[in-house]
Amino acid sequence: MDDETKAKLLDKYKEERKEEVKTKALLPLKNAEKGKVVMRFAPNPNGPPTLGSARGIIVNGEYAKMYDGKFILRFDDTDPRTKRPMLEAYDWYVEDCKWLGYEPDEIIYASKRIPIYYEYVEKLLKMEKAYPCFCSKEEFKKFRDKGVECPHRDTDGEKALEIWQEMLDGKYKEGEVVIRIKTDMKHKDPAIRDWVAFRIIYESHPLVKDSFHVYPTLDFESAIEDHLNGVTHIIRGKDLIDSERRQRFIYKYFGWEYPITKHWGRVKIHEFGKLSTSGIRKDIEAGKYSGWDDPRLPTLKALRRRGFEAEAIKNFFISLGVSENDVAVSMKNLYAENRKIVDAKANRYFFVWNPVEVRIEGVEAKEVKIPLNPNDANRFRVLKGSDTVYITKDDFEMFKEGEIFRLKDFCNIRLIDKANRKTEFVSYELGEVKKGKNIIHWLPKNDTIPCVVLGFEKYEGLAEKNVLDDVGNVVQFERFAFCRLEKFDGEELVAIYAHP
RNA sequence: GCUCCGGUGGUGUAGCCCGGCCAAUCAUUCCGGCCUUUCGAGCCGGCGACCCGGGUUCAAAUCCCGGCCGGAGCACCA
């Protein structure tokens, strides 16, 4: 790109930046040209996609959309041991990308393209920009720390290729030899000094089985792929910030242009402690969680099960932006985003947890019509008001004898005998009871279904029968929370707690 | 220890590159009010921030230096 177009782009970038401030969108991308942007999201599928993955999918996918560009999903699955991929997880990533609204234009499996990486390392070997190194990890660390070149560094190209061939032929044991990229052993940042590009691992790979035993490291694989795919911008976590400086050496040797990079900091979500994929896996195996979609987990499967809208997750991450600061954020922000979407369409129902039976003296049974959604005056559900109702224990305990409270949309009653849970009818009209905490929800004695709500805590109780019209949907249990009704087996309704 | 990065209300975030329009944006939380019926929803309103110290300048959140605090990398992991 020449200086003039660069300057033009920069001006445009500044203008867009100003405009974007008002709207809810990602800040414009540096040097991005409509139609020419290529973004990628490159996970290792060693577990299911989580909220963290969602950030990668959304930020990269969204930029691709903003600039009518291309979005690539690439599986960086080149370690069959330490970061062993999980076969089912490949599809999970594809599904979740689609669910979030970013269907990949292309899907790349690094493990299937290992021969391509071989071609490039052979070139580097021949150019003497890479070399086989027989140092042990510990030995090499000493050289690295001292900034001294190791004895294998000046192996000539011919010999290097010979050794490489022997590696491929299986003549070496694991750990005996690796291929290193020449950088600069005196580079002021020790993290950059001659890094490993290939190592030997005799382990069957979940996807490509026993096809290879010489595997590239992330830095090598990623460097080659980004160039081959014409990736223009890389946005990822700041843990990979040094990758750029390492990989730039390869780009320099081949005369390629490195993509523009941007990094985000660590995200800590208050509600989920420290959760590692391997830790969760153990807990699932131990029975602590029901599976990867356990509603207490930060996986996208779990969030979807709880009824979160993809749009809400998107807005949540867009609001975090892309800054290198570490953020500690609360799920309350996600809840707020989801509520904005779901509030208008979620039907309202009564769910009485820890039900307490209460008798009402002097009331006449009568059907009451209650709006399904307060914003919609035309849709109703019907409850059969009767002389015996259930209310939640939390409410019951709050009231004192003599106090009047209202069963929402039914009638006002006075508590006369708390020990025997007896009340008396006062009136039907809203009248006496104004608003607020004296209006509670309730259920008629003989017209309910058992309902269990699964979430960070488990709630057991009763729900009105009308909910059966909404199985599969997100509803609001009034004065409780938004929940997704998962299934009804004829006996009991299972709902998943979404958020207040 | 070595290298790099960052610090704006309780929490995120915009502004910083190109100093003045910033007595600082937006969202969320919290608090208060409203709602012929959710005080665990909704609607309206309010409180609340430029890490500290120097310097440059007519002018600093913005530039420079130092300090403090936080983070990342220094793997034959990604």
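Note that the structure is predicted; figures quoted are calculated from it, not measured. In what follows, chains are A, B, ... by sequence order, proteins preceding strands, each numbered from 1.
Annotation: ring pair (Phe, Tyr, Trp, His ring centres under 6.0 Å) contacts involving residues 259-282 of chain A, sequence neighbours excluded, comprise F272(A)-F456(A). Screening residues 84-93 of chain A for side chain to side chain donor-acceptor pair (under 3.5 Å), with sequence neighbours left out, gives D77(A)-Y90(A). For the salt bridge (Lys or Arg N to Asp or Glu O under 4.0 Å) condition, the pairs that include at least one residue of residues 324-343 of chain A, sequence neighbours left out, are K24(A)-E337(A), K238(A)-D326(A), E337(A)-K340(A), D343(A)-R348(A). Legend: salt bridge (Lys or Arg N to Asp or Glu O under 4.0 Å) pairs involving residues 164-174 of chain A, not counting sequence neighbours, sorted by first then second residue: R81(A)-E174(A).
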Exercise. Under the ring pair (Phe, Tyr, Trp, His ring centres under 6.0 Å) rule, what do W353(A) and F480(A) come out as? Steps first, then yes or no, please.
Key: CA-CA 9 Å; W353(A) 59 101; F480(A) 181 67; 5.0 Å; yes

Quiz item: Reading nucleotides 68-78 of chain B 5' to 3', which nucleotides get B (base under 4.0 Å from a protein heavy atom), which S (sugar-phosphate only), which -?
Solution: ---SSBSSBBB

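Remark: nothing in residues 306-314 of chain A comes within less than 4.0 Å of RNA chain B through any heavy atom. The stretch residues 341-356 of chain A comes close to RNA chain B through D343(A), R348(A), W353(A), each having a heavy atom under 4.0 Å from the strand.
With sequence neighbours excluded, the residues that form a side chain to side chain contact (heavy atoms under 4.5 Å, CB included) with I360(A) are V363(A), V389(A), L407(A), F410(A), I413(A), T423(A), F425(A). Considering only residues two or more places apart in sequence or on other chains, D242(A) meets the side chain to side chain contact (heavy atoms under 4.5 Å, CB included) condition with D189(A), A191(A), I192(A), R245(A), R246(A). Looking at residues two or more places apart in sequence or on another chain, you find no ring-ring contact (aromatic ring centres under 6.0 Å, His included) involving Y349(A). Under the side chain to side chain donor-acceptor pair (under 3.5 Å) criterion, D96(A) pairs with R304(A), sequence neighbours left out.
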Protein-nucleic acid N or O pairs under 3.5 Å, nucleotides 43-47 of chain B:
none

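OP1 and OP2 of C26(B) both lie 4.0 Å or more from every side-chain N or O belonging to S319(A).
Under 3.5 Å, the side chain of Q476(A) and the base of U38(B) form at least one donor-acceptor pair of N or O atoms.
Residue-level contact check: A336(A) touches the backbone only, with heavy atoms under 4.0 Å from sugar-phosphate atoms and none from bases.
Residue L27(A) has its side chain nearest to G15(B) when only U13(B), G15(B), U28(B) are considered. Checked against U38(B), U13(B), U28(B), the side chain of K340(A) finds its nearest nucleotide in U28(B).
Counted by atom type alone, D194(A) and Y131(A) present one or more donor-acceptor pairs between their side chains at under 3.5 Å.
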